[in-house]
Amino acid sequence: MAGLDVPAIVTENLSKRYGSVRALVDLDLSVDCGEIFGFLGPNGAGKSTTIRLLLGYIRPTSGRAAILGLDTQRQHIEILRRVGYLPSYAVFEEVVTGLQALDDLAGVAGTKPSRRAEICEWVRLDDATLRRKVRDYSKGTRRKLGVVQALQHDPEVVIMDEPTEGLDPLVQHSFYAMLEQLRQEGKTIFFSSHVISEVERVCDRVAIIRQGSLVTVEHISTLVARRQRHVEARFHGPAPDLSSIPGVTNVFVDRDTVTCRFAGDVRPLLQHLVTLQVRDLTIEQARLEDVFLELYGEGEV
Amino acid sequence: MNANYFIHLWRGNLIKVAAVTCGCLVWGFLVPVIDKSVISSLQTALPASIANFGSGTLNTFPGVITLMFEHPFLVALVSTVALAITIPALAGQRQRGTLEMLLARPIRRSTLVATVALAVASMLLLVLFAMVVGILAGSSVEGLSDQVPVRELLVVWLWSALLYGAFGSFALAASATSNRNGPAASWALGFLIANYFFEVLGTFWDQAKAWQPYSLFHHFQAADILAGRLSGVDLMVLGLAIVIPLAYALYVFPRRDLPAPD
């Protein structure tokens, strides 16, 4: 296990250009040991480029990255001994069985697949399926096999690119439970996804990336709490105008109903509402999706 | 070298190698059979331009052995190993996406290249040795054993492995620099055909003889080897033809960016 004083993953001014295209611009990230870190962005935002830089598949144009204190360019073999990676498209040789594919990858790595049986159980990949040829696998089963190969050697850091793509809801549920188990064991999980609800569900912190640049890195709860919540209040009689209350914006009054956006301390709003004839009140917690869309929509960096 | 990946390459190409080995065995067996039953009866009737091909000739048994080693059929057969296994091992894996899984293991890219080179070299040695075994078996059956210089035939075997190893090495360099099978195969096949063309053209057209030394085939003079005449220059040329592309592949592949597969 890595020492707690060393971040599991760190990048400093990490940049990558392909000719005139800036795929990644001065990325500064620090992922703590034992956390599930979400890496959120739409397709083409630079998520896969970041992962490929971390794994040493591509070289940075400038900047540096380290995993478990080891430089990703100079010490990437040592890193790969301690990291598990699930690519967005995990491709296996078609003509071998799933079991053979797992054995081959473990053999090439020279590692013992000590957690294979356990991970197979988590993702519901049974022995009979493992004994079938990969060419007979469905997309979901290939994905399960990808999860197993990434975790079978019990890595300290796991990098996952769109891990639940193709998994059915039942397996997804089990997969999330497995991530929680790994977190409790102190494993670090770098979780790249464009599925916002998934990141919100499983991650401690999230980095949002847009066009190769980091938009924000925060704890999900902090990020969400800072954002505006949607408020809807119904009254006995005509609805009042709430726009004078601190934190309230976007007020819309329609007969007995008022809707508005709200940010900050909720007490002034509640204190004002108790003086009125409120029939029903809904304050929706902001979701990560709202935050994401807000950041992308407003171009806030 | 990564022993597990070496075994993986062998296992993955076992059917291909077995088929080529059988082909070479039969081809080698046919050499004395053809010499005795067909060519011996035709040689006086054949014009020199047909009796001589490359450095081989139909007029002597060693000449027939030489000719069969340079025959397009054998070239195509052995290229199945030298090119058709080498190219998919890097560019093909890259194209399919399996390389991404492999490189997520703690294996150096240079180790990967070296392992592919050693696996293909061992396969070439096997399939070409089958040719030698075939010749010896056929000679025994046809009663021509006394005409086969066994020691020199083994040198021919190793020399032919150098020749095809050179094409394999070029294919490896092409594979290491390409993201897809197609471009790598085009380069490797083009190189092989160009070499063969220069050699064969010189056989039929005197004015093209000056081009023959530029062909790697020209540096595999089986007739001379069977006669006990070894050329240090030929050995050096073939050696360099293996070492230079291999060194290039070992240098370039670990330094290449490998963006996400299409």
Side-chain angles (χ1 to χ4, degrees), chain A residues 16-18 21 23 43-44 46-61 73 75-96 100-111 134 142 145-146 149-150 152-153 155 158-159 161, chain B residues 1-19 84-85 88-116 118-119 176-177 179-181 250-262:
Chain A
K16 181 66 184 175
R17 292 180 81 106
Y18 293 106
V21 178
N43 294 331
K47 302 190 302 291
S48 291
T49 299
T50 304
I51 289 174
R52 301 185 85 76
L53 283 164
L54 290 174
L55 292 168
Y57 290 170
I58 53 178
R59 292 163 165 258
T61 308
Q73 292 299 307
Q75 297 166 290
H76 82 281
I77 295 297
E78 180 55 36
I79 288 172
L80 292 174
R81 282 200 183 91
R82 299 164 69 180
V83 168
Y85 171 49
L86 173 63
S88 54
Y89 294 99
V91 185
F92 299 89
E93 298 288 352
E94 296 282 313
V95 293
V96 298
Q100 187 65 60
L102 293 174
D103 281 344
D104 282 352
L105 290 170
V108 169
T111 53
V134 171
R142 285 167 195 256
L145 196 65
Q149 65 77 32
Q152 64 175 348
H153 57 295
V158 187
I159 296 174
D161 199 356
Chain B
M1 189 189 81
N2 184 299
N4 284 307
Y5 188 56
F6 183 88
I7 294 165
H8 170 80
L9 282 170
W10 258 97
R11 200 180 52 232
N13 292 290
L14 206 53
I15 293 172
K16 208 181 279 181
V17 174
I85 290 178
L90 294 178
Q93 289 222 64
R94 175 103 183 82
Q95 183 176 337
R96 293 195 304 276
T98 49
L99 187 66
E100 181 144 350
M101 302 289 280
L102 197 60
L103 291 178
R105 316 298 126 186
I107 176 171
R108 293 187 188 284
R109 291 197 213 171
S110 53
T111 305
L112 205 65
V113 173
T115 305
V116 173
L118 286 170
T177 51
N179 289 337
R180 307 184 73 80
N181 272 332
L250 285 167
Y251 179 81
V252 166
F253 191 62
R255 288 164 180 78
R256 278 193 66 203
D257 270 357
L258 298 175
D262 296 335

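Just so it is clear, the values below take in all heavy atoms, side chains as well, and ignore hydrogens, waters and symmetry mates.
- Put simply, of E93(A), E78(A), H76(A), K16(A), the one with the most heavy-atom pairs under 4.5 Å next to chain B is E93(A).
- Applying the side-chain hydrogen bond (donor to acceptor under 3.5 Å, both in side chains) criterion to D103(A), with sequence neighbours excluded, gives R116(A).
- Residues meeting the ring pair (Phe, Tyr, Trp, His ring centres under 6.0 Å) test with H8(B), sequence neighbours left out: Y5(B).
- Ranked by non-hydrogen atom pairs under 4.5 Å with chain A, the options N4(B), T111(B), I107(B) are led by N4(B).
- Both the backbone and the side chain of L105(A) come within contact range of chain B, each with at least one heavy atom under 4.5 Å from a heavy atom of that chain.
- The minimum heavy-atom distance linking P87(A) with E100(B) is given by the pair CB-OE2, 3.6 Å.
- With a threshold of 4.5 angstrom between heavy atoms, R255(B) approaches chain A through its backbone and through its side chain.
- Rounded to the nearest 0.5 angstrom, M101(B) CE and L145(A) CG are separated by 7.0 Å.
- Counting heavy-atom pairs closer than 4.5 Å to chain A, the top-ranked of the candidates T115(B), I7(B), N2(B) is N2(B).
- Rounded to the nearest 0.5 angstrom, D104(A) CG and T98(B) OG1 are separated by 11.5 Å.
- Between D257(B) atom CG and T61(A) atom OG1 the span is 8.0 Å, to the nearest 0.5 Å.
- Smallest separation of non-hydrogen atoms from R81(A) and P106(B): CG-CB, 3.5 Å.
- Remark: R105(B) CZ to Y85(A) OH distance equals 11.0 Å, nearest 0.5 Å.
- A distance of 9.0 Å separates CG in L103(B) from CZ in R52(A), rounded to the nearest 0.5 Å.
- Atom CZ of F6(B) is surrounded by more than 12 heavy atoms from other residues, nucleotides or ligands within 6.0 Å.
- The environment of CZ in R108(B) is sparse: at most 12 heavy-atom neighbours from other residues, nucleotides or ligands sit within 6.0 Å.
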